[in-house]
Number of protein chains: 2
Amino acid sequence: MKPALLINQVVQKVRAEGGRMTAQRRVILEALVAHPGHPTADEIFASVRRVDPSINLSTVYRTLRWLEENGFVAPRWFEDDHRRERFDPLTGTHTSGEHFHFRCRVCNRIIEFDEPLLAEVCAAFEQRSGARVESAALVLYGVCARCR
Amino acid sequence: MKPALLINQVVQKVRAEGGRMTAQRRVILEALVAHPGHPTADEIFASVRRVDPSINLSTVYRTLRWLEENGFVAPRWFEDDHRRERFDPLTGTHTSGEHFHFRCRVCNRIIEFDEPLLAEVCAAFEQRSGARVESAALVLYGVCARCR
DNA sequence: AAGATTGATGCAAATCGTTTGCATTTAACT
DNA sequence: AGTTAAATGCAAACGATTTGCATCAATCTT
């Protein structure tokens with residue numbers, strides 16, 4: 001459903017920026033790709049440590065920030081643990097403003113969906129208010145099918 | 001449009017809970033009522049200090065938490081400064097799940113709206129996924145009419 | 001293939017918003 | 001007025017993220 005973010009693309013971009021493809025970055029990327037859903041920095045850190053225990057948390061953060069700045073992941077926050085940043089690997093299958101999240105309060109899983117009505121909601125608001133809408137974040141909270 | 005949260009109601013609730021109506025709480029409440037939009041704790045703190053410079057920031061937090069637990073305000077986070085908690089005075093004019101926010105990235109103002117389509121979006125998602133939706137948070141980001 | 005260059009790392013300390021423990025104050029009861 | 005427990009002020013703790021800096025190592029040079 002959601003094709004994995006391709007490591008090759010990242011390598012290419014790193015080099016294009018005059019950066020270096022380090023062992024740490026490779027491990028972090030692999031952890032991110034392998035992770036289902038929207039991991040936090042220390043979930044990634046935990047995976048990464050199993051492969052190379054010498055990797056530091058700040059390296060994980062720096063790598064995730066780099067990925068964010070270069071459009072490979074997007075930061076997300078959800079109302080329950082709103083302080084922990086979560087990283088949403090971007091795949092190009094849906095662009096920002098066109099998809100939303102559902103978070104199950106039982107299993108904490110996050111489900112991603114496209115929602116055509118959302119565009120209408122934005123358009124309606126623009127008309128009514130005179131504002132220009134540039135992006136939208138919709139999060140639904142509840143209990144997923146599996147947990148009911 | 002948005003009727004102010006009534007101090008009398010709070011006083012009533014405080015007493016019902018066996019609590020005390022202190023001078024500090026009164027000042028904080030007045031600051032909150034006087035504040036347009038969705039202030040942060042230290043915006044409230046700043047207002048409050050002008051009236052009584054001896055009030056402490058932790059008292060502001062404790063009071064806001066109490067208001068939150070008793071349904072007088074709701075906590076909100078927006079993507080730009082996602083770390084700062086904002087306090088949304090609840091008025092009973094619209095209930096949770098039925099209203100959303102627009103945030104202007106120029107003036108940082110937050111505009112609140114009801115949006116009937118949102119209920120449809122939730123219903124559509126429930127049908128499609130089998131999940132039960134309990135609440136929804138929709139935030140639009142862009143430039144408001146005044147700032148264009 | 002060895003050396004130079006400079007970007008990335010590990011570590012520890014800093015940051016920022018929010019919370020907490022505790023001794024003291026004070027609102028509301030008697 | 002005196003009692004008592006809730007609320008305060010203060011300072012210290014917190015948890016997630018960031019930063020400065022000395023060191024390490026990918027890539028470029030030769």
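To find a chain, count down the sequence lines: A is the first, B the second, and so on, and within it residues start at 1. The figures here come from the full heavy-atom set of this structure, side chains too, leaving out hydrogens, waters and symmetry mates.
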[X] side chain near [N] phosphate (N/O to OP1/OP2, under 4.0 Å):
| X | N | answer |
| --- | --- | --- |
| T22(B) | dT8(D) | yes |
| T59(A) | dG10(C) | yes |
| Y61(A) | dT17(D) | yes |
| R83(B) | dT17(D) | no |
| Q24(B) | dT26(C) | no |
| N56(A) | dC11(C) | yes |

Write down the distance between [atom1] ([X]) and [atom2] ([N]), rounded to a whole number of angstrom.
| X | N | atom1 | atom2 | value |
| --- | --- | --- | --- | --- |
| D81(A) | dT18(C) | CG | P | 15 Å |
| I55(A) | dG10(C) | CD1 | P | 6 Å |
| L57(A) | dT9(C) | CG | P | 13 Å |
| E17(B) | dA5(D) | CD | C1' | 16 Å |
| E69(B) | dT19(C) | CD | C1' | 13 Å |
| R84(B) | dT15(C) | CZ | C1' | 12 Å |
| I28(A) | dG10(C) | CD1 | C1' | 12 Å |
| F87(A) | dT17(D) | CZ | P | 6 Å |

Quiz prompt | First encountered from the 5' end of DNA chain C, between W66(A) and R49(A) | solution = W66(A)
Self-check item: CD/Q12(A): more than 12 non-hydrogen atoms of other groups inside 6.0 Å
Solution: no
Quiz item: Between the side-chain atoms of R65(A) and the base atoms of dT18(D), is any donor-acceptor pair under 3.5 Å?
Solution: no
Quiz item: Do H82(A) and W77(A) have ring centroids that are under 6.0 Å from one another?
Solution: no
Quiz item: Would a line drawn from the ring center of F87(A) to the ring center of H38(A) be shorter than 6.0 Å?
Solution: no
Would you indicate what [X] reaches in the nucleic acid, counting non-hydrogen atoms under 4.0 angstrom: base, sugar-phosphate, or nothing?
| X | value |
| --- | --- |
| R86(B) | nothing |
| R62(B) | base |
| T40(A) | nothing |
| R15(A) | sugar-phosphate |

The side chain of [X] is closest to which nucleotide in this list: [options]?
| X | options | answer |
| --- | --- | --- |
| E85(A) | dC10(D), dT17(D), dA8(C) | dT17(D) |
| R25(A) | dA8(C), dT18(C), dG9(D) | dA8(C) |
| R20(A) | dT8(D), dA8(C), dA11(D) | dA8(C) |

Quiz item: Think R25(B) forms a cation-pi with W66(B), using NZ or CZ under 6.0 Å from the six-ring centre and within 45 degrees of its axis?
Solution: yes
Exercise. May I ask you to establish whether R128(B) and F113(A) are in a cation-pi arrangement, using a distance under 6.0 Å from NZ or CZ to the six-membered ring centre and at most 45° from the ring axis?
Key: yes
Quiz prompt | Least distance between heavy atoms, V133(A) atom then C122(A) atom | solution =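 That would be CG1-SG, 4.0 Å.
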Quiz item: Want to settle it: does A41(A) or M21(A) sit nearer the 5' end of DNA chain D, counting the closest nucleotide to each?
Solution: A41(A)
